[in-house]
Amino acid sequence: MQNLRRFAFALCACLAAAAAFAQDAPQCARIEQRLGAQPLTMLGFLAEADCLGGETDAVPITRSVRRLVPPGAVPRDQLGEVPHLAADALGQISAYVAATMAEHGQSARELLAALANEIGAARTKLEQRLPLAEHNVKGWEWDGNGKRFRGLAALDVRRLDVTCASAADVACREAASAGKIVFRSAALVRTALRFSQEETYQLALEAARVRDAKWTRYFEDARLQFPWELYVNGQRHARANRAAGGFADVPHDQWILLHPGVGLEYVKNAPDGSRMELALILELVGYNRWSWKSDGRMGTALGVSLIQTYSDRAGLDSGRPGVMFHYDHKYSLAVTRGNGETGVMLSMDLSRLVTRVEQEARNSFRVQGSGRGED
Amino acid sequence: MAKHVLFLIHGVGDHDSGWSNSVAQTLAELYGRYEVAQLLPFENQFEVKPLFYNDKFDALRAKWESAANEVLALMKPSPSGAGALQQLTEWAGSANKKTFLRTHVLDLLLYRFFPNVAGQVRAAVHKQMLEGIKGAQRWSAIAHSMGTSVLHDTLVWMFDPDSPAKLPPEGFRMEVLAMLANVSRVLESSELGARWDVYRSVVQPNVKVTKGVCSRFLNVCHNWDPIPLPKKFKPTSDWPDAATRAVPGAFQDIRLDEIEEPKMVHDLEHYLRNPACHIPLFRSLIPLPGVITAEEEKAAVDAHRVHHPRAKLQKEIDRLKALRLADEDDDWQRILVMIHKYFS
């Protein structure tokens with residue numbers, strides 16, 4: 001089954017590549033036709049159009065390297081193989097350059113020898129796990145205005161910078177032929193080195209995803225912060241950020257300050273008809289805390305606030321102080337006291353939950369009851 | 001084929017997730033005017049990917065509105081001593097109204113003075129960018145207004161050596177960073193230290209591939225756009241270093257002057273339509289000799305000027321400037337030529 005899936009994947013990739021080739025091949029031919037008398041400019045355009053070492057390049061070395069180091073995510077359990085595969089790819093590119101030297105004149109041979117040296121240096125660094133520095137992906141990029149590969153000072157391609165009356169002139173044909181090997185090799189080296197960076201990329205992506213998930217949960221799941229609370233908590237985060245050089249983790253707690261809300265308050269000994277009342281809750285000050293899971297989800301949150309409730313009950317003061325406990329950001333339960341009477345307060349979410357449970361119990365009872373009746 | 005990924009990041013305003021469609025269309029249309037498009041067509045060459053963060057502000061404002069509406073009915077008449085709180089709650093509830101103050105100014109203030117809001121925005125953009133460069137051979141970014149600050153801060157997260165999510169520039173840095181109506185200095189979190197200071201952070205072009213975040217940095221400002229003026233981004237002549245500044249095109253400080261519509265001088269597309277902006281941009285995105293010739297450039301500039309009232313006047317101003325002689329000039333031949341040209 002797995003082999004079948006791999007085959008299907010490879011087939012799709014081949015079809016996509018064939019479609020791209022059909023679309024892009026005339027583009028590459030057009031560039032060669034138009035700029036053939038200025039080989040270095042032509043090579044820059046061919047590189048921009050991905051004609052050398054890209055999907056549309058049909059030469060065997062390109063196909064071989066792209067098969068060895070395919071673009072796309074590498075499964076986590078295969079990441080260890082990545083540097084070896086990339087080094088193998090560089091070995092293939094070196095062999096390709098060496099094999100083509102004999103076909104060229106002295107000047108081109110010198111250029112190709114310098115290129116082989118640079119590829120060898122990159123391969124050695126990769127194999128020895130040394131920093132690639134200037135030999136890394138971006139060092140192999142072409143700067144057409146500077147007429148150089150950005151990180152390869154020793155690779156002097158100015159010898160390819162000739163202008164001919166016609167593209168068929170020997171000087172231009174020789175420059176184009178050697179230049180294609182240089183530009184194709186550079187593109188393939190970039191492909192191999194980018195592949196070798198896969199683990200670095202995946203680690204950075206994972207870290208960014210987790211951080212984004214945490215901030216999303218902070219604003220979506222944690223208790224809502226009114227602007228003044230957001231400011232206070234923001235200043236606390238700023239302090240943590242200063243200590244961490246600007247790279248502080250997402251907060252795992254929040255202060256609650258002058259936070260208005262609504263709840264249902266029950267006072268047992270209040271006059272009939274006003275025992276259960278909708279009340280305004282003012283959380284004077286409070287604290288809510290949670291932990292983060294490794295994938296950016298929130299663990300259980302617990303919090304507590306000092307509160308003052310306001311409701312309209314005959315014979316009782318409207319304001320009642322109390323303490324409120326929070327669970328998982330949504331559910332809050334408070335104990336209030338006033339006029340010698342103790343009250344219990346539920347946040348709207350909790351009261352909705354209680355009501356739903358009660359309703360479900362009633363429904364369940366009704367269903368069971370009717371069921372029995374039908375029997 | 002692997003395309004050059006071109007990120008677009010918006011500024012302040014009431015943007016939705018499809019905000020970049022017209023900008024992408026404008027870019028493609030402008031690019032198509034030049035001969036380079038025949039060899040390297042826009043659709044073959046570039047893949048435009050929008051970066052979006054306005055939803056974070058929208059969600060926060062909507063939550064405030066909903067929470068305030070829930071409690072305000074019970075706050076009237078307000079409990080004694082809670083009048084100020086009622087006012088604050090009313091204000092929080094009104095933050096979701098689509099007015100200029102709420103959709104523009106409030107977003108700026110939230111980003112600058114609420115580090116938790118800024119943290120969320122940066123994290124969202126960081127994730128979008130990393131997902132966006134997956135498999136890309138080359139990538140660049142065009143940021144506008146507040147987006148310049150968001151992008152700057154996100155790039156610090158992406159490339160600073162001390163970042164927990166760092167990438168090595170020599171493996172991943174971008175080609176072109178274009179900052180249009182750059183407000184990154186006025187919004188910078190400089191209190192966090194040098195790495196967040198826009199002149200000292202990693203967000204710079206560099207001739208060495210092991211440094212900086214890009215090969216070419218364009219800073220574009222419209223002379224009549226008042227938004228990027230306070231704490232204007234104006235680096236010294238050796239920023240980021242002398243070797244980089246010696247490379248033509250590595251840092252380009254571009255000033256625009258033509259006005260299509262006075263109320264649009266801060267608009268992203270107003271910036272892009274100006275050839276003085278999009279020609280250096282395209283030349284930077286495709287750094288090859290002959291990309292948009294001098295003749296093409298002159299024709300584009302002239303055509304742009306002809307169509308706009310302010311630009312027409314600018315042409316006349318330029319003509320007058322060209323006629324001016326030095327204060328102490330007493331060469332009668334030049335004086336007579338000048339008088340002749342003035343009246344002809």
Side-chain angles (χ1 to χ4, degrees), chain A residues 20 24 27 30-31 34 41 44-45 48-50 54-56 71-72 132-134 136-139 143-146 150-151 190 197 200-201 204-205 207-209 211-212 215 218-219 224 226-228 230-231 233-234 237-238 241-242 245-247 250-251 258 260-262 278 280 282 310 319, chain B residues 1-2 39-40 44-45 56 59-60 63-64 67 70-71 74-75 79 82 85 88-89 92 113-117 119-120 123-124 126-127 130-131 134-135 137 156-157 162-173 189 191-193 195-196 208-210 215 247-249 286-290:
Chain A
D24 296 332
Q27 185 188 359
R30 203 161 48 239
I31 292 170
R34 182 83 72 88
T41 303
F45 274 82
E48 277 292 329
D50 213 18
E55 279 174 28
T56 57
L132 283 156
E134 303 278 341
N136 210 330
V137 180
K138 297 294 167 180
D143 172 8
N145 290 322
R150 293 187 193 287
R190 284 200 302 273
Q197 309 270 307
T200 308
Y201 169 75
L205 178 62
R209 280 181 174 158
R211 192 165 64 95
D212 180 59
W215 275 119
Y218 179 83
F219 279 97
L224 170 90
F226 278 98
W228 51 94
L230 195 64
Y231 182 78
N233 286 308
H237 180 58
N241 233 352
R242 278 195 291 275
F247 300 119
V250 182
L258 299 175
V262 178
L278 203 60
L280 174 70
L282 181 59
Y310 298 94
Chain B
M1 83 179 229
L39 290 179
L40 303 171
N44 284 14
Q45 206 61 27
K56 307 300 175 196
L60 189 57
K63 272 175 174 269
W64 283 342
E70 200 170 80
V71 298
L74 284 174
M75 288 178 101
L85 184 64
L88 279 172
T89 311
F113 297 107
F114 291 70
N116 30 14
V117 176
Q120 186 196 25
H126 188 186
K127 188 188 82 152
L130 278 175
E131 288 176 343
K134 186 178 181 60
Q137 302 271 351
V156 173
W157 264 96
D162 290 331
S163 164
K166 66 173 176 291
L167 288 173
E170 63 270 27
F172 295 91
R173 76 177 194 172
S189 308
E191 69 277 7
L192 295 177
R195 64 167 60 90
W196 298 88
K208 284 182 176 290
V209 295
T210 51
S215 302
V247 176
I286 303 179
L288 296 174

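Here is how names work: the chains are called A, B, and so on, in the same order as the sequence lines, proteins then strands, and each is numbered from 1.
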Checklist outcome for this item: Here the gap from L40(B) atom CG to R30(A) atom CZ, rounded to the nearest 0.5 Å, amounts to 9.0 Å
Next on the checklist: I want to check something: taking the side chain as every heavy atom from C-beta on, are P168(B) and T200(A) in contact at a cut-off of under 4.5 Å?
Outcome noted: yes
Checklist entry - Looking at G246(A), G44(A), P227(A), which one has more heavy-atom pairs under 4.5 Å with chain B than the rest? => result P227(A)
Checklist entry - Quick one: are R195(B) and F247(A) in side-chain contact, heavy atoms under 4.5 Å? => result yes
Item to check | Sidechain-backbone polar pair: Q27(A) side chain, L39(B) backbone, donor-acceptor under 3.5 Å | outcome: yes
Item to check | N/O donor-acceptor pair under 3.5 Å between E48(A) side chain and Q45(B) backbone | outcome: no
Next on the checklist: Testing the basics here: between A123(B) and W215(A), what is the closest heavy-atom pair and its distance to 0.1 Å?
Outcome noted: CB-CD1, 3.6 Å
Next on the checklist: Heavy-atom pairs under 4.5 Å with chain A: which of L192(B), L167(B), N116(B) has the most?
Outcome noted: N116(B)
Checklist entry - Given the rule in the side-chain contact (heavy atoms from CB on, under 4.5 Å) test, do N136(A) and V209(B) qualify, once you have shown the distances and angles that lead to the verdict? => result CA-CA 9 Å; N136(A) 210 330; V209(B) 295; over 6 Å; no
Next on the checklist: I want to check something: taking the side chain as every heavy atom from C-beta on, are F114(B) and H237(A) in contact at a cut-off of under 4.5 Å?
Outcome noted: no
Next on the checklist: Looking only at heavy atoms and a cut-off of under 4.5 Å, which of S189(B), P164(B), P169(B) has the most pairs with chain A?
Outcome noted: P164(B)
Checklist outcome for this item: Scored by heavy-atom pairs under 4.5 Å with chain A, the best of F172(B), W196(B), W157(B) is W157(B)
Item to check | Heavy atoms of other groups near K208(B) NZ, more than 12 under 6.0 Å | outcome: no
Item to check | Close side-chain approach of W64(B) and L224(A), heavy atoms under 4.5 Å | outcome: yes
Checklist outcome for this item: Highest number of heavy-atom pairs under 4.5 Å with chain B among L205(A), V262(A), L230(A), L258(A) belongs to L230(A)
Checklist entry - What's the shortest heavy-atom distance between G144(A) and L288(B), and which atoms? => result CA-CD2, 3.9 Å
Checklist entry - At their closest point, which heavy atom of A204(A) faces which heavy atom of L130(B), and how far apart are they? => result O-CD1, 3.5 Å
Next on the checklist: If I measure from the heavy atoms of chain A, does S163(B) come under 4.5 Å with its side chain, its backbone, both, or neither?
Outcome noted: both
Checklist outcome for this item: Among A133(A), G139(A), G261(A), the residue with the most heavy-atom pairs under 4.5 Å to chain B is A133(A)
Checklist outcome for this item: Checked G290(B), S215(B), G135(B) vs chain A; the most non-hydrogen pairs under 4.5 Å come from S215(B)
Checklist entry - Measuring heavy-atom distances to chain B, does R211(A) have an atom under 4.5 Å in its side chain, in its backbone, in both, or in neither? => result both
Checklist entry - Is there a donor-acceptor pair closer than 3.5 Å between any side-chain N or O of K138(A) and the backbone N or O of R173(B)? => result yes
Item to check | Which atom of G171(B) lies closest to which atom of Q197(A), heavy atoms considered | outcome: CA-OE1, 4.0 Å
